[in-house]
Amino acid sequence: LWLRRHSGGDEIGSVKLGTDIVGAAYAHCLKASATFSPDTHLDEAWQARYNLALEAIPTMASVEEVVAYAQDLARSGINHRMPLGGSVTATFTPNGIDFNVSHGPEGIIAGIEQKVSWLLSQWPESQVDTWEDSPVCDPRSIWVRKGRRVSNILYWHAYAYLASTNRLARNPTDIIEIGGGMGELARIFLTRHPSTHYVLVDTPTSLFFAEVYLKANFPEVTLSYASDPSGQIWLLPCHLISHVRASHLYGCDLSLNQGSMQEMTPAAIQIYMDWLKRLGTRSLWWLNYSITPMEEHLGDYWEKTYDAPAPD
């Protein structure tokens, strides 16, 4: 975890949730992708996924199709949700991605129980064993636990939420998430803090999935895109972050990154760190593998305040 040391594009427009969800999201994606350079922002592996998604998105006509693609690790790569059927296989060439993950239902369920037990041992007041996954999700990944729909990924995001709010910002009013994927962590925050202003930064294709998913989950919440900061949820293509000014925020209490800076170049990480500093961001929750050490990016703005334990 990191805490602030000192106290001291194109106009696309605002969309009211509950209209033509998939069509509006596709229009945004199409316009943003026209100015996005994958080879500048993504490594070869993620360029392959980005291009596959860009080809697949025009064929999607329903919320269910969009969510099924986004939550399929082998296709989108942005979600590590495991189907209870128990296998994920993906091969991308020529980029060298080749993996096969296989768990039986018993293994996935045992892992869920282990995570619930661990989270309750850390934050017993959270009642995380009563939390439930969104009804807008791939049904193949859902297990009904004590009458509630849950998945393996629910508790990964629950961990990020509980650790960041207990250690950094208990009641955040402004949140920036870098690499927010399809918005599952955003859903947890917005469910528990309904008035929070949430800025989600990612590629145009990931934001397509996030827009559909978050609109389906929060039909009465306003959402804006790119250079329009008016929505409670603001989806921001990663190549357009210069549109954000400190004046657009009430004062960013919390920024988040998990599982994506580990795949960025040091130069890309530094761009984001400098951007958060310019915005006056007060805290950063950072959860990544140790592929990319963060110390070299701290400068004189951030100091390390807490090494969070993590569930297995």
Could you state whether Ile108 and Ile142 fall into the same hydrophobic cluster, counting links through intermediate Ile, Leu, Val, Met, Phe, Trp or Tyr residues with side-chain heavy atoms under 4.5 angstrom apart? no

How close do Ser76 and Ala70 get, counting heavy atoms only, and between which atoms? OG-O, 2.7 Å

Ignoring hydrogens and angles, tell me if any N or O in the side chain of Thr222 forms a donor-acceptor pair with the backbone of Gly231 under 3.5 Å. no

Looking at Ser283 and Asp253, would you say the former's side chain and the latter's main chain have a donor-acceptor pair under 3.5 Å? yes

Begin with the C-alpha distance, continue with both residues' side-chain angles, and end with the deciding distance and a verdict on side chain to side chain donor-acceptor pair (under 3.5 Å) for His157 and Gln258. CA-CA 9 Å; His157 294 306; Gln258 57 175 358; 3.2 Å; yes

Residue pair Tyr225 / Ala32: nearest heavy atoms and the distance that separates them: OH-CB, 3.6 Å

Would you say Leu119 ends up clustered with Trp156 if hydrophobic residues are merged whenever their side chains have heavy atoms under 4.5 Å apart, either directly or through other cluster members? yes

Pairwise side-chain contact, Lys215 with Val221, heavy-atom cut-off 4.5 Å (strictly under): no

Measuring from Leu162:CG to Arg192:CZ, what's the distance to the nearest 0.5 Å? 8.0 Å

For the side chain of Ser117 and the backbone of Gln114, is there at least one donor-acceptor N/O pair under 3.5 Å apart? no

What distance do Arg148 atom CZ and Trp131 atom CH2 have between them, rounded to the nearest 0.5 Å? 12.5 Å

Rounding to 0.5 Å, atoms CD1 (Ile57) and CE (Met60) come to a distance of 5.5 Å

Does His239 form a side chain to side chain donor-acceptor pair (under 3.5 Å) with Thr35? I'd like the steps, not just the answer. CA-CA 8 Å; His239 63 301; Thr35 57; 2.9 Å; yes

Do side-chain atoms of Thr165 reach the backbone of Tyr161 as a donor and acceptor pair under 3.5 angstrom? yes

In short, Val150 meets Arg145 closest at the heavy-atom pair CG2-CB, 3.8 Å

Is the closest side-chain donor-acceptor distance between Asp228 and Ser230 under 3.5 Å? yes

Is it true that Asp133 and Arg149 have a side-chain N and a carboxylate O under 4.0 angstrom from each other? no

Test log, rule side chain to side chain contact (heavy atoms under 4.5 Å, CB included), inputs Leu256 and Leu284: CA-CA 6 Å; Leu256 305 154; Leu284 168 63; 5.9 Å; no

Does the Glu65 side chain pair with the main chain of Ala61, one donor and one acceptor, at a distance under 3.5 Å? yes

Measure the CZ-OG distance between Arg140 and Ser151 for me, rounded to the nearest 0.5 Å. 13.0 Å

Quick one: does any side-chain atom of Asn257 pair with a main-chain N or O of Met261 as donor and acceptor, under 3.5 Å? yes

Could you tell me whether the side chain of Ser164 and the main chain of Ala160 form a donor-acceptor pair under 3.5 Å? yes

Please step through side chain to side chain contact (heavy atoms under 4.5 Å, CB included) for the pair Leu236 and Leu200, ending with a clear verdict. CA-CA 6 Å; Leu236 188 62; Leu200 197 156; over 6 Å; no

Angle class for the Tyr50/Phe36 ring planes (parallel below 30°, perpendicular above 60°, tilted otherwise)? tilted

Non-hydrogen atoms of His193 and Pro172 that approach each other most closely: CE1-CD, 4.0 Å

Students often mix this up, so state it plainly: with edges at 30° and 60°, are the rings of Trp285 and Tyr159 parallel, tilted or perpendicular? perpendicular

Pairing donors with acceptors under 3.5 angstrom, does anything connect the side chains of His197 and Thr173? no

Any heavy-atom pair between the side chains of Phe208 and Tyr69 that's under 4.5 Å? no

Answer yes if Ile153 and Trp143 sit in the same cluster of Ile, Leu, Val, Met, Phe, Trp and Tyr residues linked by side chain heavy atoms under 4.5 Å apart, and no otherwise. yes

Report yes or no: do Asp274 and Gln270 form a side-chain donor-acceptor pair below 3.5 Å? yes

d(Asp174 CG, Leu254 CG) to nearest 0.5 Å is 10.5 Å

Closest approach of Cys238 to Val201 (non-hydrogen atoms, all atoms of both residues): CA-CG1, 3.8 Å

Sequence neighbours excluded and cut-off under 3.5 Å, please list the side-chain donor-acceptor pairs for residues 175-189, or say none.
from: Glu177; atom 1: OE1; to: Tyr198; atom 2: OH; distance (Å): 2.6
from: Glu184; atom 1: OE1; to: Asn79; atom 2: ND2; distance (Å): 2.4
from: Glu184; atom 1: OE2; to: Gln71; atom 2: NE2; distance (Å): 3.1
from: Glu184; atom 1: OE2; to: Arg81; atom 2: NH2; distance (Å): 2.4
from: Arg187; atom 1: NE; to: Tyr213; atom 2: OH; distance (Å): 3.4
from: Arg187; atom 1: NH2; to: Glu132; atom 2: O; distance (Å): 3.3

Should we say atom CD of Gln127 is surrounded by more than 12 heavy atoms from elsewhere, each under 6.0 Å from it? no

Determine the minimum heavy-atom distance between Phe209 and Ile78, stating which atoms define it. CD1-CD1, 3.9 Å

Look at the side-chain heavy atoms of Ile, Leu, Val, Met, Phe, Trp and Tyr, link any pair under 4.5 Å apart, and say whether Ile271 and Leu276 land in one connected group. yes

Using the ring pair (Phe, Tyr, Trp, His ring centres under 6.0 Å) criterion, which residues pair with Trp275? Sequence neighbours excluded. none

Are Leu120 and Glu125 close enough, and set up right, to give a side chain to side chain contact (heavy atoms under 4.5 Å, CB included), and what steps lead you there? CA-CA 8 Å; Leu120 286 173; Glu125 74 288 348; over 6 Å; no

Result for side chain to side chain contact (heavy atoms under 4.5 Å, CB included) between Cys29 and one of Leu235, Thr203, Leu54, Val212 points to Leu54

Quick check: does any side chain N or O of Asp138 sit under 3.5 Å from a backbone N or O of Ser141, one acting as donor and the other as acceptor? no

